[in-house]
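Contents: one structure, followed by commentary.
Heavy-atom basis, side chains included; hydrogens, waters and symmetry copies ignored. Computed from a predicted structure; not experimentally measured.
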Amino acid sequence: MTSRININRPAPPPSYGQTPYGQNGATSHMGMNGSGMGAGSGAFDASSESPLEKLRVLGSKVEDQIDSLSQPIRPYLPAIGRFLIVVTFLEDALRIVTQWHDQVWYLGRHRGFPWGVSHFFLLVNVIVMLGGSGAIIAKRYTEYAVAGLLAVVVIQGFGYGLIFDLSFFLRNLSVIGGLIMVFSDAITSRNRGFAGLPSLTENDKRKYFQLVGRVLLIFLFIGFMIQGQWTIARGIVSVFGLVACGMIAVGFKAKWSAAFLVILLSIFNVFINNWWSVASHHPTRDFLKYDFFQTLSIVGGLLTLVNVGAGSLSVDEQKKIY
């Protein structure tokens with residue numbers, strides 16, 4: 001408080017006699033005046049705070065409250081995030097196995113795959129998806145697992161002819177973002193450097209992967225905005241979601257913006273992609289099921305962002321430095 005106030009020593013009052021306290025009395029008198037002036041100035045500063053400053057203080061209080069409430073589940077967030085990220089690959093592998101003949105027929109009839117090539121294509125996809133998903137869940141050979149699952153995303157896009165479908169493209173960009181977040185977390189966990197030597201290269205890799213991962217994660221919500229029928233409720237949700245996406249992209253309050261999108265996408269997923277309410281032989285059931293599990297994977301990527309943070313290339317980290 002005193003660093004903001006310049007207190008000038010008042011002129012000494014006329015004295016008719018020496019007090020027994022001498023200079024201490026004057027010092028005590030000044031201290032009382034100083035504290036009074038400080039309180040008055042503090043009240044003036046509090047009343048003149050800008051709305052942005054008040055919003056910042058309120059946001060800090062909300063963050064502290066959410067942080068205290070989330071403490072019980074925080075230790076489980078990494079495992080939950082990794083499982084949700086790969087759940088779409090597990091479901092896809094199971095669907096290929098249970099619908100093997102339908103998949104072979106589709107690839108041969110509509111995609112022109114020769115007999116045998118379609119079988120090999122499906123078998124490789126199943127093996128890579130099961131192996132890569134298991135490795136990510138177990139946190140073993142994460143780099144190779146992420147590379148394999150990324151290859152599956154690209155190969156399936158070309159194999160099924162969906163690479164130029166806008167919805168498929170945006171969703172898979174978000175899935176790729178989740179996989180990159182897993183990869184950045186793996187870089188954080190490992191330690192390949194020699195004792196006493198800094199691992200600047202690994203740190204640089206991590207911050208760039210975190211930047212790319214968190215930016216790609218928001219493309220699912222962009223796809224949600226540009227598709228479907230517009231309503232008032234959809235417009236309101238889109239505005240709040242777009243603000244949260246922008247905050248994630250620049251790394252400003254990224255953890256809490258990601259937590260907001262986790263809640264929003266989870267509600268959206270249950271009510272929109274409710275594949276369990278559709279008859280088993282209905283043609284849209286598989287599409288809804290596919291969208292449901294892909295959204296779960298993106299929610300897993302956002303949970304990973306909540307756990308590891310936005311990284312050093314973000315507004316949040318730069319505020320800590322300056």
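In the hydrophobic cluster analysis, where Ile, Leu, Val, Met, Phe, Trp and Tyr join through side-chain heavy atoms closer than 4.5 angstrom, Leu166 is grouped together with Val175. Placement of Ile163 and Leu173 in two distinct hydrophobic clusters is found when ILVMFWY residues are connected by side-chain heavy-atom separations under 4.5 Å, directly or transitively. When the side chains of ILVMFWY residues are joined at heavy-atom separations under 4.5 Å, either directly or via intervening members, Leu296 and Leu94 end up in two distinct hydrophobic clusters. Phe287 and Leu170 fall into different hydrophobic clusters, where Ile, Leu, Val, Met, Phe, Trp and Tyr residues are linked whenever their side-chain heavy atoms come under 4.5 Å apart, directly or through other members. Note on Val154: it does not cluster hydrophobically with Leu162, by side-chain heavy-atom contacts below 4.5 Å among ILVMFWY residues.
Counted by atom type alone, Tyr160 and Gln103 present one or more donor-acceptor pairs between their side chains at under 3.5 Å. Side-chain contact, Thr295 with Arg171: a donor N or O sits under 3.5 Å from an acceptor N or O. Using modelled atom types, one finds no donor on one side chain facing an acceptor on the other under 3.5 Å when comparing Asn269 with Ser266.
The line from CE of Met129 to CD1 of Ile96 is 4.0 Å long, rounded to the nearest 0.5 Å. Rounding to the nearest 0.5 angstrom, the gap separating the CZ atom in Arg111 from the CZ atom in Phe121 is 9.5 Å. Summarising the geometry, atom CZ belonging to Phe268 is positioned 5.5 Å from atom CD1 belonging to Ile272; distances are rounded to the nearest 0.5 Å. The CD atom of Glu91 sits 9.5 Å away from atom CD of Gln294, with the distance rounded to the nearest 0.5 Å. Distance check, rounded to the nearest 0.5 Å: NZ of Lys255 to CG of Asn307 gives 7.5 Å. The CG atom of Asn125 sits 7.5 Å away from the CG atom of Asp92 when rounded to the nearest 0.5 Å.
With sequence neighbours left out, the ring-ring contact (aromatic ring centres under 6.0 Å, His included) criterion links His281 to no other residue. Not counting sequence neighbours, Arg82 has no partner by the salt bridge (Lys or Arg N to Asp or Glu O under 4.0 Å) test.
Using the six-membered ring where Trp is involved, Phe158 and Phe164 have ring planes that are perpendicular, over 60° apart on the 30 and 60° scheme. Taking the six-membered ring for Trp and thresholds of 30 and 60 degrees, Tyr290 and Phe168 have nearly parallel ring planes, at less than 30 degrees apart.
In this structure, the side chains of Tyr144 and Leu149 stay at 4.5 Å or more apart for every pair of heavy atoms. When side chains are defined from C-beta on, Leu90 counts as touching Phe83, because their heavy atoms get closer than 4.5 Å. Between Ser297 and Val86 the shortest side-chain heavy-atom distance does not fall below 4.5 Å.
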- Before giving the answer on side-chain contact (heavy atoms from CB on, under 4.5 Å), spell out for Phe113 and Tyr106 the whole-Å C-alpha distance, their side-chain angles and the decisive distance to 0.1 Å. CA-CA 9 Å; Phe113 277 54; Tyr106 176 82; over 6 Å; no

- Give the C-alpha distance, both sets of side-chain angles, the deciding distance and a yes or no for side-chain contact (heavy atoms from CB on, under 4.5 Å) between Phe89 and Leu179. CA-CA 11 Å; Phe89 298 101; Leu179 291 172; 4.1 Å; yes

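Remark: side-chain polar atoms of Ser184 are not paired, donor with acceptor, to backbone N or O of Phe209 under 3.5 angstrom.
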